[in-house]
Structures are given as structure tokens and as C-alpha cells.
Amino acid sequence: MSEAKKGHVLFFPYPLQGHINPMIQLAKRLSKKGITSTLIIASKDHREPYTSDDYSITVHTIHDGFFPHEHPHAKFVDLDRFHNSTSRSLTDFISSAKLSDNPPKALIYDPFMPFALDIAKDLDLYVVAYFTQPWLASLVYYHINEGTYDVPVDRHENPTLASFPGFPLLSQDDLPSFACEKGSYPLLHEFVVRQFSNLLQADCILCNTFDQLEPKVVKWMNDQWPVKNIGPVVPSKFLDNRLPEDKDYELENSKTEPDESVLKWLGNRPAKSVVYVAFGTLVALSEKQMKEIAMAISQTGYHFLWSVRESERSKLPSGFIEEAEEKDSGLVAKWVPQLEVLAHESIGCFVSHCGWNSTLEALCLGVPMVGVPQWTDQPTNAKFIEDVWKIGVRVRTDGEGLSSKEEIARCIVEVMEGERGKEMRKNVEKLKVLAREAISEGGSSDKKIDEFVALLT
Ligand SMILES: O=c1ccn([C@@H]2O[C@H](COP(=O)(O)OP(=O)(O)O[C@H]3O[C@H](CO)[C@@H](O)[C@H](O)[C@H]3O)[C@@H](O)[C@H]2O)c(=O)[nH]1
């Protein structure tokens, strides 16, 4: 049962699934601790508000300035339009919410949208920045904003190792993609660095990580800002099980049924025998890279489950899906219940782009990884996966950023049955225990959530 309601909090996630999910998960945890939560999603499509009974979370859409016929990614290109229109919509939404019977006390916003902080401050709310990417990437952006790290003009000229407090030395390949060369991704570079432009005015800063995962980085952070690490906010069923109904990232009334056929297929495979491959919700690999991965998997001879979004399927080698089905060697699905899959005993390793949610999920479920990072925070996450936590390996690339089938196959075999693979499995099991402890009653993240709730009530 939920506690009696204590206060009302607005959540304002950056409108991408990988950012919305950690907000939903925090809202569920806060709701169980007595907070009423409203999730505000900036969108070009209007949807009537709906409430999830289980968690007292209401979801509202506000207009982001784009039109239904425009490409869903237009808002990532025309940043000014997104900023100006969404600012107006957010101001209107908060102003009218303040006149309601249960006015909000606080706004939890994604620092990808620093304008939300200014709006909430002007409207007299307690303002909370919630990072859904790890400190590993965010701190690099912070140092760029502060002028304490100068992004090189050419990543290949004079390659030096970048040094940041609490970090191992980072090569250009380990840095977040927006931070390894001046002029590459200029819009996105400015976008991620701007997160820190007004951050000091936030009343509190949260992050979806846990203290024991990045202890050196966290120690440095704690000396600078009022930070609370409240993660991992992976659904409770796969962690502490204190919210038994919290089985996935969705809210009750929009749930899609899990794809039983995938789990049934896994059920017929021996323990730790299947290679699971997935690249999250955004990454679009080149056709060449998809083919190298497909050939690598076939070459290793392991059973595989590959989640390939509809838009990516045409990049697979022709006949690949049919041959896998015929030989019963693998399954290509359009979308899989990833948490259920990673929790399945048949899974031996996870070939991943190292998005932060996927990384936390693998770690919480004790699955070693083969990292094929593509961009944004993924290279830095992969560096920690391989060299700091030692729970996986990262595939190397050639001068054009392509990983060959031989290299991918070598990494998969190493994790599945090499000596290092055994160590990785032990290390990931240890992190799994620490992750569970952090979010369980009295754990570091649970305490931080309680402290946070106390600030709001
Ligand atoms: O078949 C699938 C494939 C994915 N997922 C889920 O989709 C999410 C993917 O999230 P993530 O691993 O973070 O990848 P992206 O969707 O690519 O996330 C974006 O946002 C993240 C958080 O900011 C960043 O770390 C990434 O680099 C960025 O690409 C995870 O929860 C997965 O469980 C499924 O449930 N089924």
C-alpha cells in the first residue's frame, strides 16, 4: 500500500525513451513514499492526460512546437524552436497547476533542458536536476563548460590522454562523442555542455547511478554540489522487489503484453548459452556494421537473440533471419522484454551499444557485456565496463569506426568462455549485489530518496 500523500512533484523528462524511463521509475519510487507525481512530456502529438492507478502518476503532454507530420527527430535539429515553444507550454502548464487543489512543490527536470530550471525558479518551485546519463559523461561536459578541458581541434593530431578528477586517463576514443573533437556535432556539443550553464541554481541534483559504482567520481562530485545518487532505478522486480507490481518501465494503463515467444524460445536453450544483442532505441548502425555483426554471430556458432528495430531490419544480410529460423540457431525479434531476457538463465553475454539504461540493466542482472559503443555517453560507459568494473570487453574499430566480424567474434568468445570472461562474470555478480544493496531498504540510494522526500514534505 502507498503511504498517505505528502506532496506533489512535477517530472519533466527529455522526450526520448532512454530519458523518460528513468523519470518514470523515480516517480514510481516517490509515489510509494507518498508523493503525488505528474509527468509532463513535450510532444508534437496531443494525448489526453491519463493516470496510473498503481502509482498515482498522471501523464500530461504539452506542445513542443512541432507538427504531427514532421519527422520525430526534427526537435533534435531545430533546437531553438523546441526551446521556445516548449518553454511557453511549460510555463503555462506550471502556472495552471499552481492554481489547482494540489499545487506542485517541485519540478524534477532533465538537465538536457536547462530552460526548465529558469522557468520553475521564476514560478517559485523547488528545482531538482535529474541526470539520466552517468557522471562519467556528464562530468566531461561539466569540465568543458568550466573551461578546464579543452576539446582538441583534431582527434588524431597529438592524441593526448584526457585527465579528469576521479577518472582513469581517457583516450579520444573513450570520451563522449560530443567531446572528442571540436566541430564534430557542433549543435549537440553545445546542447550537452549547456546542461551546466545554470546548474548551480538547482536546489538539488539527482543521478541514476549509485555511490559504489563510481566512488571516486562521486567523492569529487560531493565536494562540488548537493548531489544525491538515487539509482539504479531499474524496475523493482529485477532488484529489491519492494514494489512487486513494478515489472517494467511502463505505467499501468499503457502496458504492452510481454512477448512470450521470445521467452519460450530462450526456455529451450541451456544455461548461459545464448548471446543477446541489442542496441537500444536510437542507434542506427551502418549496413556494413550490421553485416559484420551478423557474420560474427554466425561464425561463433552460439545461439543468439537479436533485437532489431523495424527500421533496421533491411540492413541484415539477405536470408539471415530465415536461415537462423531454419537451423533454429537464433531469433531476430523487433523488440524484446529486455529485462526479462537479461534475467533469463540462458543468456551468456550481452552485445550492447552501452546505453546507460542497458548498462545498468546488465549490471543489475549480472550479465557480462561486449561493448559496441557508437556515440554520446556510450564510449565512456564502455571504458568503465572494460577497464574499471571489468565486466566486459569493448570491440576495437578500424580507422573508419567499423568493427570487423573477426574482432566482434573474438570478443564474444572471450566473454562466453575465455578466462577473462570468468573474471568478468564474478565482477558483474559483485556489482549486482552492490546495486541491490544500494536501492534496498536502508541502502545508499534508498536513503537518498528518503532524504529527498523529506525535503519535499
Ligand atoms: O528490444 C529491446 C531493446 C531495448 N529495450 C529497452 O530500451 C532501453 C534502451 O535504453 P539505453 O540502453 O539507455 O539506450 P538508448 O535508448 O539508446 O538511450 C539513449 O539514452 C541513454 C540515457 O541517457 C543514453 O545512455 C544512450 O546513450 C542514448 O542512446 C533499455 O531500458 C532496454 O531495456 C527493450 O526493452 N527491448
Side-chain angles (χ1 to χ4, degrees), residues 13-26 72-73 76 109-113 129-138 140-141 175-179 185 188 191-192 195 206-209 231-235 237-239 246-250 255-259 261-263 265-266 276-285 304-313 331-344 347 350-365 367 369 371-385 392:
Y14 190 65
L16 272 180
Q17 212 53 47
H19 291 244
I20 294 172
N21 286 353
M23 282 269 180
I24 291 181
Q25 289 310 115
L26 178 61
H73 290 175
F76 309 127
Y109 78 101
D110 189 315
F112 274 18
M113 300 176 292
Y130 177 23
F131 285 82
T132 60
Q133 294 202 340
W135 292 127
L136 314 179
S138 304
V140 174
Y141 305 140
L175 285 162
S177 56
F178 311 139
Y185 309 110
L188 292 172
F191 176 76
V192 292
Q195 296 181 87
L206 307 178
C207 183
N208 181 20
T209 185
V233 290
V234 165
K237 177 186 168 189
F238 302 92
L239 270 174
D246 179 25
K247 299 183 175 87
D248 53 39
Y249 291 108
E250 292 173 43
K255 269 196 193 341
T256 41
E257 283 307 308
D259 186 350
S261 64
V262 168
L263 299 178
W265 186 85
L266 289 177
Y276 170 53
V277 189
F279 292 92
T281 60
L282 275 181
V283 161
L285 296 174
F304 68 88
L305 169 64
W306 192 349
S307 167
V308 183
R309 300 191 311 273
E310 184 71 57
S311 57
E312 299 293 287
R313 281 169 94 89
L331 190 64
V332 178
K334 289 182 188 151
W335 185 255
V336 307
Q338 181 161 301
L339 284 155
E340 298 282 356
V341 167
L342 289 172
H344 202 279
I347 299 297
F350 180 17
V351 179
S352 165
H353 67 313
C354 306
W356 189 233
N357 296 297
S358 293
T359 303
L360 285 178
E361 291 162 13
L363 188 154
C364 290
L365 291 159
V367 181
M369 299 174 79
V372 192
Q374 299 300 306
W375 73 326
T376 177
D377 56 332
Q378 297 151 22
T380 319
N381 300 342
K383 167 75 176 169
F384 273 69
I385 287 168

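Fair warning: this is a prediction, and the values are worked out from it, not measured in the lab. Each ligand, and each atom within it, is numbered from 1 in the order the structure gives.
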Partner set under side-chain hydrogen bond (donor to acceptor under 3.5 Å, both in side chains) for His19, not counting sequence neighbours: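 In terms of side-chain hydrogen bond (donor to acceptor under 3.5 Å, both in side chains), with neighbours along the sequence ignored, His19 is linked to Asp110, Thr132.
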
Looking only at side-chain N and O atoms, does Gln195 offer a donor or acceptor that is under 3.5 Å from a partner on Ser138?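 Not at all, the side chains of Ser138 and Gln195 share no donor-acceptor pair under 3.5 Å.
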
Could you list the atoms of ligand 1 found under 4.0 angstrom from a heavy atom of [X]?
| X | answer |
| --- | --- |
| Thr281 | 7 (O), 15 (P), 16 (O), 17 (O) |
| Trp356 | 13 (O), 24 (C), 25 (O) |
| Thr376 | 27 (O) |
| Val336 | 1 (O), 2 (C), 34 (C), 35 (O), 36 (N) |
| Glu361 | 30 (C), 31 (O), 32 (C), 33 (O) |

Region of [X] engaging ligand 1 - heavy atom pairs below 4.0 Å:
| X | value |
| --- | --- |
| Ser307 | side chain |
| Tyr249 | side chain |
| Asn357 | both |

For atom 6 (C) of ligand 1, find the nearest protein heavy atom and state the residue, atom name and distance (0.1 Å precision).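 Answer, as residue, atom name and distance: Trp335 CH2, 3.9 Å.
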
Mind listing the closest non-hydrogen atom pair of Asn208 and Val233 along with its distance?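 Looking at all heavy atoms of both residues, the shortest contact is OD1-N, 3.0 Å.
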
Looking at Thr376 and Tyr141, what are the two nearest heavy atoms and their distance?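 Heavy atoms only, the tightest pair is OG1-OH, 4.0 Å.
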
Phe191 ring center near Phe112 ring center (under 6.0 Å):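 Yes, close enough.
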
Atom 27 (O) of ligand 1: which of Asp377, Leu339, Leu360 has the nearest heavy atom?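 Of the listed residues, Asp377 has the closest heavy atom.
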
Looking only at non-hydrogen atoms, which of Gln378, Gln17, His353 approaches atom 17 (O) of ligand 1 most closely?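 Comparing heavy atoms across Gln378, Gln17, His353, the nearest one to atom 17 (O) of ligand 1 lies in His353.
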
With a 4.0 Å cut-off on heavy atoms, is Val283 touching ligand 1?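 No, Val283 has no heavy atoms under 4.0 Å from ligand 1.
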
